[in-house]
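Encoded as structure tokens, the structure appears first; notes follow it.
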Amino acid sequence: MNIKSKSYGLVPKVGTAMLYECNNGNGLQMQCTNYESSLLSIKTPDFDRTPRAISGQWNIPWMNVVRLQSPPGAIIGRIGYPAPSNMPLTIRKREYTISAKSEYRTFRKKLWNGTIFGTPELCGMRAKLISPDGDQGLPGEMELTVCYTITRQNELYIEHLARSQKKSALSLDTHLRWNLSNGYGVLEHEAVIYAAQFSTRPTLSSLQPLSRHKFNFQRQRSLVATLSHYFLLGSNTAEQHHPLTSARQKMSPALWLYDPKSRRYLELLTNYPMLYVAVIRGKLGSALSVKPCIPYDAPALISGKRDRYHYTSLYRFGILK
């Protein structure tokens, strides 16, 4: 295991952002920064064992990160997804209203307190931030922690932890865009999503038995243009999924993604109750946006005073022979 850190860029009136690079010796590499607590890029080997970026841009210039509305892998606010306009939240019998773009007003351009850690089996970066009382119009000062860890077994752990001084609303996510095909887009990717249902709105209504939703983007081009759905990962309510503990909770399979050209696969396990998936088109081809999250109507959205908010996503990478 190897981890390096260096100065990345200056945040005016705040301090210097750091760039962290982790390497597990088996081809899995990660770049992240304490600026917006962003995971900038992930490299994994393909069939010829050459590591190539499958998420984000390797060695992305600092000024490009600053200009982006939200860097790859950034943590998005207390409400970690675009909330519906004028969404009401009732906390201790008082109603709070979250605007549709509220996530861009919270942790944008924030410099987190980042530290690195490592053992013979894992290494990574841990970042902390204090969200003040009243941030985003919500009550309660919150201490937030995000941890990125890679292991010797080609695994990436993303952990979101928090504690609030008052009963308040919280939903964090890390939005990552995946492309396993060495830059050719995701149209030939094959995907299996383990979910009870999917819809355009993240709700807990109309629960159905758990099933596998299979997608072949090359054969379902009509789906590519419209795939922007929330998948409910199981038949229990989000409250039952909400792990208020400092220990890692049992995670269930959420997504299997495979590219026949590079023969790479990605497996996602998480204890989040919902998964957002969308096909994103850009100048460099298409990519798959994946965000584990909490539904709008989930009781788990409201964190009690000093409750331990702890959600984990585990990404496993490999090559099919």
Completion exercise
Closest non-hydrogen atoms of E190 and P260, given as atom of the first, atom of the second and distance, are OE2-CG, 4.3 Å

Problem - Closest heavy-atom pair and its distance - S164, G140 - result: OG-CA, 4.1 Å

Problem - Pairing residues for R177 by the salt bridge (Lys or Arg N to Asp or Glu O under 4.0 Å) criterion, not counting sequence neighbours - result: none

Exercise for the section: State whether the side chain of N34 and the backbone N or O of M18 hold a donor-acceptor pair below 3.5 Å, judged by distance alone. Expected result: yes

Handout entry: Side chain E36, main chain K109, donor-acceptor under 3.5 Å
Key = yes

Problem - Polar side-chain atom of S131 near backbone of M142 as donor-acceptor pair, under 3.5 Å - result: no

Handout entry: Under 3.5 Å donor-acceptor, R78 side chain and A169 backbone
Key = no

Handout entry: Same cluster (ILVMFWY, side-chain, under 4.5 Å), I3 and L122
Key = no

Problem - Common cluster, I42/L19, ILVMFWY with side-chain heavy-atom separation under 4.5 Å - result: no

Practice task
Following the transitive rule for hydrophobic clusters with a side-chain heavy-atom cut-off under 4.5 Å over Ile, Leu, Val, Met, Phe, Trp and Tyr, establish whether L40 and L68 coincide in one cluster.
Solution key: yes

Handout entry: hydrophobic_cluster_shared for L268 and V279, side chain cutoff 4.5 Å
Key = yes

Problem - Side-chain donor/acceptor of T16 to backbone N/O of G9, under 3.5 Å - result: no

Problem - Student check: side-chain heavy atoms of R126 and E159 closer than 4.5 Å - result: no

Completion exercise
Distance col, row L170:CG vs Y309:OH, nearest 0.5 angstrom, shows 5.0 Å

Exercise for the section: Apply side-chain contact (heavy atoms from CB on, under 4.5 Å) to the pair W112 and M125, showing each step before the final yes or no. Expected result: CA-CA 11 Å; W112 295 52; M125 186 268 288; over 6 Å; no

Handout entry: Contact check, side chains of L255 and V277, non-hydrogen atoms, under 4.5 Å
Key = no

Problem - I75 vs L144 side-chain heavy atoms within contact, under 4.5 Å - result: no

Exercise for the section: With rounding to the nearest 0.5 Å, note down the distance linking CD in E188 to CG in D259. Expected result: 7.5 Å

Exercise for the section: Verify the cluster assignment for Y311 and L129: are they in a single hydrophobic cluster under the rule of side-chain heavy atoms below 4.5 Å apart? Expected result: yes

Handout entry: Spacing of Q165 atom CD and E143 atom CD [to the nearest 0.5 Å]
Key = 8.5 Å

Exercise for the section: State which residue, out of W178, Y265, W256, Y157, fulfils the ring-ring contact (aromatic ring centres under 6.0 Å, His included) condition with Y315. Expected result: W178

Practice task
Indicate yes or no: at least one non-hydrogen side-chain atom of L269 is less than 4.5 angstrom from one of R316.
Solution key: yes

Exercise for the section: Identify the heavy atoms of A17 and V11 that sit nearest to each other, and give their distance. Expected result: CB-CG2, 4.4 Å

Problem - Contacts of type ring pair (Phe, Tyr, Trp, His ring centres under 6.0 Å), residue Y35, not counting sequence neighbours - result: W62

Practice task
Nearest 0.5 Å please: distance from the CZ atom of F317 over to the CD atom of E155.
Solution key: 10.0 Å

Exercise for the section: Apply side-chain contact (heavy atoms from CB on, under 4.5 Å) to the pair F117 and C147, showing each step before the final yes or no. Expected result: CA-CA 10 Å; F117 58 89; C147 188; 3.6 Å; yes

Handout entry: Counterpart residues, salt bridge (Lys or Arg N to Asp or Glu O under 4.0 Å), relative to K167 (two or more places apart)
Key = none

Completion exercise
Note: A254 and L275 closest approach over all heavy atoms is O-CD2, 4.2 Å

Practice task
Would you check if the side chain of S38 reaches a backbone N or O of T33 as a donor-acceptor pair within less than 3.5 Å?
Solution key: no

Practice task
Decide yes or no for R308 and R163: does some side-chain heavy atom of the first lie under 4.5 Å from some side-chain heavy atom of the second?
Solution key: yes

Practice task
May I ask you to test the M1-I150 pair for a side-chain heavy-atom distance under 4.5 Å?
Solution key: yes

Practice task
Return yes if some donor-acceptor pair links the side-chain N/O of T270 with the main-chain N/O of T312 below 3.5 Å, else return no.
Solution key: yes

Practice task
Could you pull out the closest heavy-atom pair between K128 and T145, with the gap in Å?
Solution key: CG-OG1, 3.6 Å

Practice task
Return yes if some donor-acceptor pair links the side-chain N/O of Q31 with the main-chain N/O of N59 below 3.5 Å, else return no.
Solution key: yes

Handout entry: side chain to side chain contact (heavy atoms under 4.5 Å, CB included), paired with D46, selected from S181, P51, S262
Key = S262

Problem - Student check: side-chain heavy atoms of Y258 and R263 closer than 4.5 Å - result: yes

Handout entry: Pairwise side-chain contact, N179 with L288, heavy-atom cut-off 4.5 Å (strictly under)
Key = no

Practice task
Output, in order, the C-alpha distance, side-chain angles, deciding distance and verdict of side-chain contact (heavy atoms from CB on, under 4.5 Å) for M274 and C293.
Solution key: CA-CA 5 Å; M274 187 161 279; C293 58; 4.3 Å; yes

Problem - Interatomic distance, R264 atom CZ to I54 atom CD1 [nearest 0.5 angstrom] - result: 6.0 Å

Problem - Nearest-0.5 Å distance that lies between atom OG in S41 and atom CD1 in I60 - result: 8.5 Å

Fill in the blank from the handout: Exactly one of T44, N26, N24 clears side chain to side chain donor-acceptor pair (under 3.5 Å) with N154, and that residue is N24

Exercise for the section: Give a yes or no answer on whether the side chain of S168 reaches the backbone of P139 with a donor-acceptor pair at less than 3.5 Å. Expected result: yes

Exercise for the section: Work out which heavy atom in Y148 is nearest to a heavy atom in G73; give both atom names and the distance. Expected result: OH-O, 3.3 Å

Practice task
Could you tell me whether the side chain of H189 and the main chain of L257 form a donor-acceptor pair under 3.5 Å?
Solution key: no

